[in-house]
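The block underneath contains the structure these notes are about, expressed in structure tokens.
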Amino acid sequence: MYVRHSAAVLAAAVVIGAAAPAIAADSSPSASPKPTYPAELYGTTDPTYDGVWRQSLAMLAQDTVGVKPAPKAVDWLLTQQCADGGFAPYRADAAADCDAKTLVDTNNTAAAVQALVALGGHDAATSKAVTWLKSVQNKDGGWGYMPGGASDTNSTSVVIGALAAAGEKPADVRKDGQSAYDALKQLAVPCKDDDGGGAFAFQPDKKGKLLANADATAAGVLGSLGKGLVVSPGKETPAADCTDGGYPSPLQAAVNGAAYLTEALAKDGHLTSTLPGAEDQPDYGNTADAVVALAALSGADAAEKPLRWLEQNSAKWAKQSGPAAYAQLILAAHATGTDPRDFGGADLVKQLNATGPAPQAATKAADKDAEKDEKGDSRFGVWWYVGIFLVVGIGIGFLLSGRKKGPQA
């Protein structure tokens with residue numbers, strides 16, 4: 001998932017933690033009070049690196065199924081925005097002004113834009129955020145995680161999604177004549193490469209070589225298609241072979257990336273997480289992202305195998321990982337036309353809702369029904385009731401008239 005957006009920050013935190021001297025544990029009850037986080041926030045784990053991200057994903061996922069988030073959950077997200085329009089992952093004291101130490105970033109900002117646009121009614125906030133994103137675009141047309149950082153596929157792609165959601169044309173958002181699509185082309189592994197041809201790299205390595213990355217490839221497919229985190233099934237038919245002819249067009253880059261993902265998923269139906277010194281493990285989050293990417297290009301059938309694998313195997317992972325994981329699965333279900341309320345027997349919507357403040361009871365469907373009633377579009381609209389009262393009124397009038405006249409002489 002784009003949750004890799006915070007990899008650099010998390011890595012730094014790990015290094016700092018590893019370098020810190022050991023401290024003897026204090027067994028007294030008050031030594032380490034359990035931290036508390038805002039009740040408006042989805043999830044109960046430390047939001048330092050992903051608060052805005054998981055809040056945005058949770059509300060995006062709810063929106064796809066007609067669930068209205070609690071107003072206080074939306075308000076919390078809005079309070080996380082800095083005056084310049086950018087979002088940091090988490091600001092414990094939202095009343096304090098953002099300063100040079102506030103680590104605003106492109107990924108959390110872009111995710112917040114997509115969520116707030118989907119929910120509607122937050123044009124001022126999203127406009128400021130888009131302006132900020134444009135202000136930190138790199139000369140190659142892309143974006144890095146932090147302003148000024150080298151462009152990477154994940155960040156560039158999630159910003160493309162935010163621009164598109166806000167009504168911008170990503171191809172027209174340029175820096176020194178370069179757009180986000182130009183940046184993605186530079187990050188696409190050439191088809192001629194035997195190892196990972198057609199995939200996207202996260203960034204070039206220290207020697208400038210592009211190494212295939214499944215996480216980045218799923219993001220790059222969506223970015224190349226000009227799509228955000230929420231997609232509908234696509235209808236493109238991928239070519240049989242990876243084709244670039246130099247640098248591929250955005251659509252061809254998406255097709256090439258999808259071909260790489262399809263091959264990577266062919267054996268087991270899932271992507272694999274490989275970490276030095278550890279056994280390979282199924283990568284549930286990236287598999288869900290691959291489902292979204294494949295479905296966005298070619299429809300549900302293209303993602304059927306990994307989707308079925310997720311339905312059968314993702315429950316434990318989602319429960320451990322929390323709201324962002326439930327949201328990823330709901331977005332994968334949405335992309336393929338699958339019912340998220342019966343996902344391998346699990347009600348993902350109910351499980352996601354339980355991780356945050358209770359959503360509003362009204363759904364989009366209920367709102368539409370109410371709107372129909374107000375307009376008189378339903379069988380029992382306002383005018384039906386007006387007619388009933390008129391008939392009743394006429395009947396009562398006849399009765400009163402008869403009483404006044406009395407019996408005829």
Side-chain angles (χ1 to χ4, degrees), residues 1-7 10 13-14 34-35 37 41-51 53-62 64-65 67 69 89 111 154 213-215 217-219 229-230 261 264-295 300 303-359:
M1 187 15 132
Y2 295 121
V3 76
R4 295 285 191 270
H5 69 291
S6 58
L10 288 170
V14 170
K34 185 178 181 180
Y37 302 114
L41 182 65
Y42 289 83
T44 57
T45 57
D46 186 352
T48 300
Y49 304 112
D50 74 336
W53 180 264
R54 74 191 191 209
Q55 192 84 346
S56 300
L57 257 67
M59 293 193 291
L60 267 175
Q62 288 178 323
T64 66
V65 294
V67 172
N154 297 59
N213 182 298
D215 178 27
T217 301
L229 298 166
V230 178
L261 290 174
L265 292 161
K267 181 180 178 181
D268 300 316
H270 64 80
L271 297 175
T272 301
S273 175
T274 303
L275 296 174
E279 292 185 8
D280 291 352
Q281 298 290 333
D283 194 325
Y284 301 90
N286 286 340
T287 300
D289 291 343
V291 167
V292 174
L294 293 174
E304 182 175 5
K305 186 171 184 177
L307 179 70
R308 300 306 169 214
W309 184 86
L310 286 171
E311 286 184 315
Q312 296 168 13
N313 298 281
S314 64
K316 184 177 180 180
W317 165 77
K319 183 177 181 180
Q320 292 176 339
S321 302
Y326 287 125
Q328 282 180 264
L329 294 175
I330 290 173
L331 295 178
H334 177 77
T336 56
T338 304
D339 184 1
R341 290 184 169 86
D342 185 14
F343 193 82
D347 186 340
L348 298 176
V349 178
K350 181 178 180 180
Q351 291 171 328
L352 172 61
N353 291 346
T355 68

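Throughout, numbering of the chain's residues begins at 1 and tracks the sequence.
- The two residues A295 and A303 come nearest to each other via the heavy atoms N-CB, 4.3 Å.
- In this structure, D215 CG and L271 CG are separated by 9.0 Å, a value rounded to the nearest 0.5 Å.
- Here I330 contributes atom CD1 and F343 contributes atom CZ; the two are 9.5 Å apart, rounded to the nearest 0.5 Å.
- Residue S314 comes nearest to L329 through the heavy atom pair OG-CD1, 3.5 Å, listed as atom of the first residue, atom of the second, then distance.
- The two residues L261 and A293 come nearest to each other via the heavy atoms CD1-CB, 4.2 Å.
- Remark: P47 pairs with Y37, L41, R54, Y90 by the side chain to side chain contact (heavy atoms under 4.5 Å, CB included) rule, at least two apart or across chains.
- A distance of 11.5 Å separates CG of L265 from CG of L307, quoted to the nearest 0.5 Å.
- Applying the side chain to side chain contact (heavy atoms under 4.5 Å, CB included) rule to P357 yields the partners Y42, A70, K72, A73; only residues at least two apart in sequence or on another chain are considered.
- Identified under the salt bridge (Lys or Arg N to Asp or Glu O under 4.0 Å) test for residues 311-325, with sequence neighbours left out: R308-E311.
- Interatomic distance, L348 CG to Q328 CD, rounded to the nearest 0.5 Å: 11.5 Å.
- Residues V67 and P359 approach most closely at CG1-CB, 3.5 Å, considering heavy atoms.
- Partners of W317 according to the ring-ring contact (aromatic ring centres under 6.0 Å, His included) rule, which considers only residues two or more places apart in sequence or in another chain, are Y284.
- A side-chain donor-acceptor contact under 3.5 Å links K305 to the backbone of A266.
- You'll find the side chain of N313 stays beyond 4.5 Å of the side chain of P282, heavy atoms only.
- The heavy-atom pair separating S56 from A111 by the smallest distance is CB-O, 3.5 Å.
- A distance-only check finds a donor-acceptor pair linking the side chain of T336 to the backbone of A332 [under 3.5 Å].
- Taking each heavy atom of T48 and P89 in turn, the nearest pair found is O-CB, 3.3 Å.
- Under the ring-ring contact (aromatic ring centres under 6.0 Å, His included) criterion, H270 pairs with W309, sequence neighbours left out.
- The distance from atom CG of D289 to atom OG1 of T217, rounded to the nearest 0.5 Å, is 11.5 Å.
- With sequence neighbours left out, the side chain to side chain contact (heavy atoms under 4.5 Å, CB included) criterion links T44 to no other residue.
- In this structure, CG on L229 lies 11.5 Å from NE2 on H334, to the nearest 0.5 angstrom.
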